[in-house]
Structures are given as structure tokens and as C-alpha cells.
Amino acid sequence: MCPVSKARTAGIFCVAMVDVSKWPLFTLLSAQELASIRQACIFGASANEAIYITHDDEVYVLGLNCSNCLGTGDSQSTIVAKKLDCLTGKKLVSLSYGSGPHVLLATEEGELYAWGHNGYSQLGNGTTNQGVSPILVTTNLQNKKVTEVACGSHHSLALTHEGEVFAWGYNNCGQVGSGSTANQPTPRKVSNCLQNKVMVSIACGQTSSMAVADNGEVYGWGYNGNGQLGLGNNGNQLTPSRLIGLQGLCVLQIASGYAHSLALTDEGLLYAWGANTYGQLGTGNKSNQLSPVQVMTEKERIVEIAACHSTHTSAAKTQSGQVYMWGQCRGQSIVLPHLTHFSSTDDVFACFATPSVMWRLLSMEHDDFLTVAQSLKKEFDNPETSDLKFSVDGKYIHVHKAVLKIRCEHFRSMFQSHWNEDMKEVIEIDQFSYPVYRSFLEFLYTDSVDLPPEDAIGLLDLATSYCENRLKKLCQHIIKRGITVENAFSLLSAAIRYDAEDLEEFCFKFCVNHLTEVTQTAAFWQIDGNMLKEFICRASHCGAFKN
């Protein structure tokens, strides 16, 4: 089985944030209003509508208001942000929009709200009346917790905490997955070959639907005229079909464009298929692909992919933070991935997509002042303000006792009057390497870690020794992101050694999923006999050795 998580993070483990001012509509807001934004999304046929959520969990909208998509209770456009009182205090976890547009929103409590265009019952309330304000969608979702939503042009998908997929709305090509082409007025569970499967991610093209299972399998249904379902043909599918072209691969993330699709595997490989009129597959030509083909084969590991059902643009981010774009970019057809100067895939859509919508709900950052966190980060390893030095491998790291005591129980105990260390100006460290110890101290100032997986193992050792559970989790995320066939067994051994159960399970599943390759690596044959026996026994229970 392939380990797929609903949470996907970057190589440098911290929240990726984007400057919202790159989207022209937000220039209508004052500096104070911009500073209040925590999440935002630009949507609409011409990117002329916006929704944003403040740090106080208040929801505001502004823009053209096509098809009542702002949810303000009327059809009036507005250049002044209006608050949606019915959503105040609701913490958003997922948001998506259609072409009408209609809007779907899932809250932290698992509630599903919808409003906007409803000509095909895409709001799921059993009618075709426009949704002038947010309505709670409950039909067939009672006692269900919705964790993710996705919209096609005029159809809707919802993923529940249990891994079920529900669909409704326009169904002319089978995009609801019901086995017919009749429109679906209320949420209906997508079954057939998804029955008894646990889905972890969903995505929509204009009139197609896709889902990823927890074992990394990908399923598609709906319109397939350009091969966007990746099934090797161009026939529409009225029920879900598995993408055989991705068999043997473990997919972590899918992204659907207008009529093309992208998939990212657990080894950081990128696959693309479907329409290619604008070069959006990145294959170097404009020929459609009916089955998945690997792209960016010469590039480093991919950690994020981006596409949106209303555009023909594609983007990807590598492990080192490089951002590439291709497809329709400001009217040009870019047929090969082009390296940009951006730091985020979101910037690609802000500056080059047509329309310049957001492909996901964004988190914001503001550079007009230094927060406490930013100030602390700036003072790390600053000899001018520090009152303590650590000497590691003959190199100094300058820190502040007060910060260490506040942030870490280990140092809180160390810097007590009856400890010798409390009187020292320089403390020697010999049990950890300089990169590992410096990264640990920097984490206390920044809450982030920037280390390659191999060094992250050493940091995991330190985090275990110092009982730093959050750091331990961050190390596990970095190691997961950096796992390869060559290092998988070494990482598994480390996870067992440091009692990191979640990481151990992840590495074990990766090893089983790539069993043939892993067993041919040097790391596999260097482990001790007991661990090898335990792995073989455990793998056999999972059916790894069945024909």
C-alpha cells in the first residue's frame, strides 16, 4: 500500500504564503483591510470576484457578483468589501468555485455551504434557483464531515472525513458519476469502483472529475473528449474508472485544468495527460495525450503541482523552491516547463493565467512591519545582541538565553542557578553535528526547519533526546518529502530507532510499495538480521509477496 496524506507540505517546512496585492482586485482595499486578511480567493470568469477571511474569522466579498456568486443576498456588484454575516466565526478549510460561477465552502466543523449559479442544481439544494446567499447543504450529508470541495464548470464534488466522495449538478458527460447523464439535484455518493475505497483528494476539470485513493490510485469520470481522464481513449465515462496508466505509481496530488490533468507521485515525479492545445502538458508539443506521460524528467524532485479548471495554465514547484510554468501564459503557448523567478505557484496564476484566478485558497503575509516572530528570526545567530554562544565542531552559534528558556524545556532546566551551564558564556556541544544543532537552535527562533532528509534524521535524534515533539513531527515531514528508493530503508531504520511511529508507518508502506527496487539497495542489506526478519514478516502480512 502506498502512503498518501491529506496534508502536503514544502521541503522547507513552514506555511507557504503569498502577497495578495499581486491580484488587482485587492488594490481596492485599504492597507488596514489588507493587513486583516488571513485567507483569500480570486475567482470568476474574468477574475472579477474575490472572497477573503480575516484573522477574526469574518468573511468578506467584493467584485462583479455574476450569478449572485458573492452571496450578499442581492445581485449588486460592489467595489467595497461586504461581510457575509452568516459565515462569521466559521473557520474555512476548503473553497472552490465553478464557471457560473457557483461557490462551495467547507468549514472546520465539516459543514458545507453553497451559493451562486444554480442552473444545473450545482448548489445541491434540489432546485435550480440562484443561491443569492450561502445555504447549508445537508441532503445525504447528515452526520458527514466534509473536508474538501471541488467544482467543475457546473458540477460539484465533496470529500468526507471517511473518504467518501459525493457529487451533484450538471451531468451531461457523466461528471457526477451516477451511471447516467441526468443532472443530479442533490449530493449523491459516488460508488461503483470507489465502493469500499478511502479517497483522500478530489479535483475537477470543466466537465470531468478525479479522485485519489489512500493507496495512491487515481480514478476519473465524466467528459473525456481530450483524454483528460487518462484512460487511453477519448470516450466519456459515466462511472469512475481507474487510471491504469498510473499503475505501479503512488499518486500524492492531482490537479485538473480546463481539459488537462497533472499528477504528482510520492517520488516527486510529474505526469500529465489530456488537452494540449496551449502546451499545458509540458511535453514540448501541442499533441493531446490520452494516457499519462512523465514530464520534467530532467528536473529535480517536484513537491507541488498547480492547475485550475478555468485555465489552460500549469505550474510546478521543485524541492529547492524553483517554480516552473507552462501552457497558456498571457496569451503565449509555452510548450515546455519554463523556470520563473517566482517563489510560489500561486504567483504564476496571478501574473500569467487567463483569467488570473487563484487555483487554491491562499494564506497571506505582510511585509509592512516586523512581527514578534519575524524579529526573533532576524536576531538568530546575531553576535551583537546575543548573550551566549554554543561551540559545535569548532564553530560558534550566537543565541539568547531568554529565548531558549522560553522556547525549550531542556534549556529551561539547564539555565538554573545550580547548573554549571548557567554561568558559562560558551557551551561546548559534541554529541551532535554543527548543521543539526544549528538547525535546532534556529527552529527555536523561527518554527521552521530547512534541512536535507539525511540531516533531518540527526535532528530527529536530537528532538527525541530533548523531548521536542513538534520538532520531531517537522523532521518526520521533511524525511517523508525526501524519501527515495535509495534511502527508504535507512529512513525506516531511523524511524524505528527514534520511536517515530507515524514516520515508521510511512517508510514501511513506501518500502512495500517499491519492494523490488528497495531490496536491491545497499541500505537494505546493511541492516541487522532482526530488523530484516521483522520487515519481511510484516511485509508478508500485507500481501507484499503475493503473485
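One is the number of the first residue; the rest follow in order along the sequence.
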Please state whether the rings of Phe489 and Phe524 are parallel, tilted or perpendicular, taking 30° and 60° as the class boundaries.
perpendicular
Can you tell me how far the CG atom of Leu252 sits from the CD atom of Glu267, to the nearest 0.5 Å?
10.0 Å
Please check if any side-chain donor atom of His155 sits under 3.5 Å from a side-chain acceptor atom of Thr207, or the reverse.
no
Is Asp447 salt-bridged to Lys377, going by a charged N under 4.0 Å from an acidic O?
no
Between Thr318 and Glu300, does the side chain to side chain donor-acceptor pair (under 3.5 Å) criterion hold? Intermediate values first, please.
CA-CA 6 Å; Thr318 68; Glu300 61 178 318; 2.8 Å; yes
For the atom pair NZ (Lys317) and OG (Ser343), what is the distance rounded to the nearest 0.5 Å?
6.5 Å
So, Asn226 and Asn234: side-chain donor and acceptor under 3.5 Å apart, yes or no?
no
If we count only N and O atoms by modelled type, under 3.5 Å, do the side chains of His102 and Ser156 hold a donor and an acceptor together?
yes
Cut-off 3.5 Å, side chains only: do Thr160 and Glu162 have a donor facing an acceptor?
yes
Would you check if there is a donor-acceptor pair between the side chains of Gln228 and His260 at a distance under 3.5 Å?
no
Value for CG (Leu269) from NZ (Lys299), rounded to nearest 0.5 Å, stands at 15.0 Å
Carboxylate-amine/guanidinium contact Lys197 Glu217, below 4.0 Å:
yes
Can you label the angle between the Phe506 ring and the Phe510 ring as parallel, tilted or perpendicular, going by 30° and 60°?
parallel
Distance-only donor-acceptor check, side chains Ser178 and Asn171, under 3.5 Å
yes
For Asn68 and Trp115, which I'm curious about, is there any donor-acceptor pair between the side chains at under 3.5 Å?
no
Between the side chains of Asn487 and Ser490, is a donor N or O closer than 3.5 angstrom to an acceptor N or O?
no
Shortest non-hydrogen pair, Ala316 vs Thr345, comes out as C-CG2, 3.9 Å
Go through the steps to decide whether Thr446 and Glu442 satisfy the test side chain to side chain donor-acceptor pair (under 3.5 Å), and finish with yes or no.
CA-CA 6 Å; Thr446 65; Glu442 188 171 12; 5.2 Å; no
In terms of ring plane angle, is the pair Tyr170 and His154 parallel, tilted or perpendicular, where the classes change at 30° and 60°?
perpendicular
Say you draw a straight line from CG of Leu159 to CD of Glu164; how long is it, rounded to the nearest 0.5 Å?
9.0 Å
Is there a donor-acceptor contact under 3.5 Å linking the side chains of Ser99 and Gln206?
yes
Under 4.0 Å between a side-chain nitrogen and a carboxylate oxygen: does that hold for Glu304 and Arg360?
yes
Exercise: do Ser439 and Asp450 side chains pair donor with acceptor under 3.5 Å:
no
